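Let me begin by presenting the structure, written as structure tokens, before commenting on it.
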There are 2 protein chains.
Amino acid sequence: MDKKTEQKKVFLEIVQQLRQLIKMEKIQAGEKLPSERVLSERLGVGRSSVREALRSLELLGLIETRHGGGTFLASTHKHQLVEILSMFILEDEKSKKDVELTRQIHEKEAIRVISCTETLQTLPVWDSFFVKLEIEGTINCLDVLREILITSGNRLSLKIWFQLAAYDGDRLNRNSTEDEKLQIQTMLKSMQLGYEREALKAYEQWMKNVQSI
Amino acid sequence: MDKKTEQKKVFLEIVQQLRQLIKMEKIQAGEKLPSERVLSERLGVGRSSVREALRSLELLGLIETRHGGGTFLASTHKHQLVEILSMFILEDEKSKKDVELTRQIHEKEAIRVISCTETLQTLPVWDSFFVKLEIEGTINCLDVLREILITSGNRLSLKIWFQLAAYDGDRLNRNSTEDEKLQIQTMLKSMQLGYEREALKAYEQWMKNVQSI
DNA sequence: TTATAAAAAGTGGTCAGACCACTTTTTGAC
DNA sequence: GTCAAAAAGTGGTCTGACCACTTTTTATAA
């Protein structure tokens, strides 16, 4: 017998089933979920149990509920989560640092991958960043990193990065400063030319800059 | 008026109040919380509302509940946020290759960190691995990697690695072959001496070996 | 026909009560 | 003093009810 699953909490199973349902019905971000009453009937459980599962997911920011409107699959998981986490979990600096370091682990690896792959180096998107930097003089830091992660091609790493950026990326979701402009340009140019170590060096300089903000 | 807060979700306020209560009563990790019925009375809300808040905190791993026993404040850092998120992330990410690559991202970074930190290089655990390899001629691959991840000191990275290893690490949870013995020894020795690149090279050779198994 | 307001239906928010399963505490017989 | 039975305490779940709010439908007036 599978003793590990047979004693699982029921409301956790509901969470699982909800995940399955979302997958089966191909519910996209922002779209509506079945109502609580419908869910309780379809899953064969009481409405209160459904609500316990939904409230958990809401606290995680995975769904959004509108009084009288319905329940919706969240487009961006962030809202209360950061608040709750900082309230209970991320109280000590060590945890915050770990989130930042782990996010950077994925960013550095993406830079390495791109610097070692010619087909990724020559993508037009990097040039478009240069153009934007020259014309507007600045660029959204998070946009640059997101593009790097996307380009690197590891979708799982990208998903993890999204989660980490949701906690830690506030300092990055802004336009770059004058100092950063140079570091970003150096990093992108090195990446394009396949200079892995130079790209990483410029990235680390950039991140030092970010820390002081 | 503070219109932003006056319309907040009630169950979120209960979460807040619970936190206050924990602080006020100086409830330590592992200690018991008031029962659901008592809480609903003290907070002036229905028991189901209390439960919705408690279930949310349980999903985050901040509290533990024992059927018939009570609700207890979880010991710190036992939160299963990563586990929950990985449930949602890994569920629809079927690419085994991405899981493997991402797991290796974390392993490589851990090797880098140790190779650059003298206090980590000189830990006796590495020597114990050498002794075990010489006496028994083999060692559990997963044990070596786990120790590396633990030693690197990034608890979040470690948590993510555990999840990835649970999906992908079956091939690693075994004793090393004769070929691998050399690669592991080279990797560990290079790490001890601070030879980052050599350690990574040996690691990558090792992983190539793993793939063919 | 179109526009608008009223009514109805749908949905989340909350509460109260009931019953079950399990654990802890108390009781009482030995 | 021991130990088993009974009682009390507690979490787990379901049902039904009512409220507040939103969306849809319907009815009325322009």
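Note that the structure is predicted; figures quoted are calculated from it, not measured. The figures here come from the full heavy-atom set of this structure, side chains too, leaving out hydrogens, waters and symmetry mates. Lettering follows sequence order; numbering is per chain, from 1.
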Counting just side-chain N and O atoms, does [X] come under 4.0 Å of either OP1 or OP2 of [N]?
X        : N       : answer
Ser48(B) : dA16(C) : no
Ser49(A) : dC14(D) : yes
Arg66(A) : dG13(C) : no
Thr65(A) : dT11(C) : no

Report task. For Glu41(A), look at atom CD and say whether over 12 heavy atoms of other residues, nucleotides or ligands are found less than 6.0 Å away. Result ->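 No, not enclosed.
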Are [X] and [Y] close enough that a side-chain donor and a side-chain acceptor fall under 3.5 Å?
X         : Y         : value
Gln192(A) : Trp126(A) : no
Thr102(B) : Ser157(A) : no
Thr71(A)  : Thr65(A)  : no

Which of these nucleotides, [options], is closest to any side-chain atom of [X]?
X        : options                   : answer
Arg55(B) : dG12(C), dT11(C), dG12(D) : dG12(D)
Lys32(A) : dT11(C), dG13(C), dT10(D) : dT11(C)
Thr71(B) : dT11(C), dG11(D), dC15(C) : dG11(D)
Arg51(B) : dT13(D), dC14(D), dC21(D) : dT13(D)

[X] [atom1] to [N] [atom2], straight-line distance once rounded to whole Å:
X        : N       : atom1 : atom2 : value
Glu36(A) : dG16(D) : CD    : C1'   : 15 Å
Ile63(A) : dT11(C) : CD1   : P     : 15 Å
Leu54(A) : dG13(C) : CG    : P     : 9 Å
Glu41(B) : dC15(C) : CD    : C1'   : 14 Å
Glu64(B) : dC22(C) : CD    : P     : 20 Å
Leu43(A) : dT13(D) : CG    : C1'   : 14 Å
His67(A) : dG10(C) : NE2   : P     : 16 Å
Glu58(B) : dT10(D) : CD    : P     : 17 Å

Query raised in the report: Relative to the 5' end of DNA chain C, which residue comes earlier, Gly44(B) or Arg37(B), by the nucleotide with the nearest heavy atom?
Result: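 Closer to the 5' end of DNA chain C: Gly44(B).
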Query raised in the report: Taking C-beta and beyond as the side chain, do Leu145(A) and Trp161(A) meet within less than 4.5 Å on heavy atoms?
Result: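 When only atoms from C-beta onward are counted, Trp161(A) and Leu145(A) do touch, with a gap below 4.5 Å.
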Query raised in the report: Could a donor-acceptor pair under 3.5 angstrom be found where the side chain of Arg47(B) meets the base of dG17(C)?
Result: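 Answer no: no donor N or O sits under 3.5 Å from an acceptor.
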Query raised in the report: If you look at every strand shown and take non-hydrogen atoms under 4.0 Å, does Gly68(A) touch a base, only sugar-phosphate, or nothing?
Result: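 Touches a base.
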